[in-house]
Amino acid sequence: MFVKPCDDKCFPSSVYDPGQLAGMTGSLPDDIPVLVSEPVEWSREVRAFVLHGKVATASQYAAGGGLAIDGAPEDAMRFLHRFLTSGSTTPPALALDVGHIVGRGWAVVEANPAWGAGTYGCDPARVLPVLERSCLRPRDVSTGDTPWVTHRQAPRP
C-alpha cells in the first residue's frame, strides 16, 4: 500500500510491503495520522495556489514520473474548478496538487500549506496573495479560520 504521514514528514511517503513500515516507525507515537491508499501511476501532476476557493495560479510540475514544469493543462483546470465548486471544504488559502491517474482520470494528490509549497512554474505575483492569506498574525485570525489553524511546538535544541 502507499503510506504517507498526514501532517509531518516523519517517515518517507512510499509504497510499502506489509510489515516493512513497522521497522521505520517504531519510535513514533501510535496515533500519528497517516494516509493509506492503493498505489497509482500519475501521468501528470499540477500545483494550484487557491485563494477563497478559486485558482489564483497553476502550473504542471511533473509528467511521466519526472520534473516537468509547464503550463497547467486545460483538463486539469476544469477538474480543479469542478472540485473547488463541488462543495469540498478547503482552507481559505492553500496549495492544491492534482494529478492524472493513468487509466482513471484526474484526482486530488494532496493539499499543502501555501507557505511551504514550491511555486514551480506558477506566477509569483499571483502566489503572493495566497501566501499573505495563509500567514496571518494571531490577532487577524477570524472565527472562520480557526478550523485550519495548526499549533506547532518550537523545535527542541
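Being a predicted model, the structure only gives us computed values, none of them experimental.
- No side-chain heavy atom of K54 sits under 4.5 Å from any side-chain heavy atom of L84.
- Under the 4.5 Å side-chain heavy-atom criterion for ILVMFWY residues, no single connected hydrophobic cluster contains both F2 and V34.
- R47 approaches G118 most closely through the heavy-atom pair NH1-O, 2.9 Å.
- Considering every non-hydrogen atom in both W106 and R44, the closest pair reads CZ2-NH2, 3.6 Å.
- Under the 4.5 Å side-chain criterion, counting only non-hydrogen atoms from C-beta, Y61 is not in contact with D70.
- Grouping the Ile, Leu, Val, Met, Phe, Trp and Tyr side chains by contacts below 4.5 angstrom, directly or via other members, places W115 apart from L51.
- Under the side chain to side chain contact (heavy atoms under 4.5 Å, CB included) criterion, S14 pairs with Y16, not counting sequence neighbours.
- Shown here is H52, whose NE2 atom has more than 12 heavy atoms of other residues, nucleotides or ligands within 6.0 Å.
- Closest approach of K4 to S13, counting heavy atoms only: CG-OG, 3.0 Å.
- For the pair V109 and E45, the minimum side-chain heavy-atom distance is below 4.5 Å.
- No side-chain heavy atom of T57 sits under 4.5 Å from any side-chain heavy atom of V55.
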List the atom pairs, with distances to 0.1 Å, where a side-chain N or O of residues 132-139 and a protein N or O form a donor-acceptor pair under 3.5 Å, not counting sequence neighbours.
unit_1: R133; atom_1: NH2; unit_2: D145; atom_2: OD1; d: 2.6
unit_1: R133; atom_1: NH2; unit_2: D145; atom_2: OD2; d: 3.4
unit_1: S134; atom_1: OG; unit_2: V130; atom_2: O; d: 3.4
unit_1: S134; atom_1: OG; unit_2: L131; atom_2: O; d: 3.0

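- Using a 4.5 Å heavy-atom threshold, the side chains of V46 and F79 count as separate.
- Taking both residues in full, the closest heavy atoms of P73 and Q60 are given as CG-OE1, 3.8 Å, listed atom of the first, atom of the second, then distance.
- Cluster membership check: V15 does not share its hydrophobic cluster with V40, using side-chain heavy-atom separations under 4.5 Å among Ile, Leu, Val, Met, Phe, Trp and Tyr.
- In this structure the side chain of F83 reaches within 4.5 angstrom of the side chain of L96, judged on heavy atoms.
- In this structure, the side chains of L94 and N112 stay at 4.5 Å or more apart for every pair of heavy atoms.
- V102 is not listed as a side-chain neighbour of W42, based on a closest heavy-atom distance of 4.5 Å or more.
- Side-chain N or O atoms of T119 include none that pairs as donor or acceptor with a backbone N or O of P124 at under 3.5 Å.
- Within a 6.0 Å sphere centred on CD of E110, heavy atoms belonging to other residues, nucleotides or ligands number more than 12.
- Looking at every heavy atom in both residues, S59 comes nearest to Y120 through OG-CB, 3.8 Å.
- Heavy atoms only, all atoms of each residue included: A114 and F49 are closest at O-CE2, 4.0 Å.
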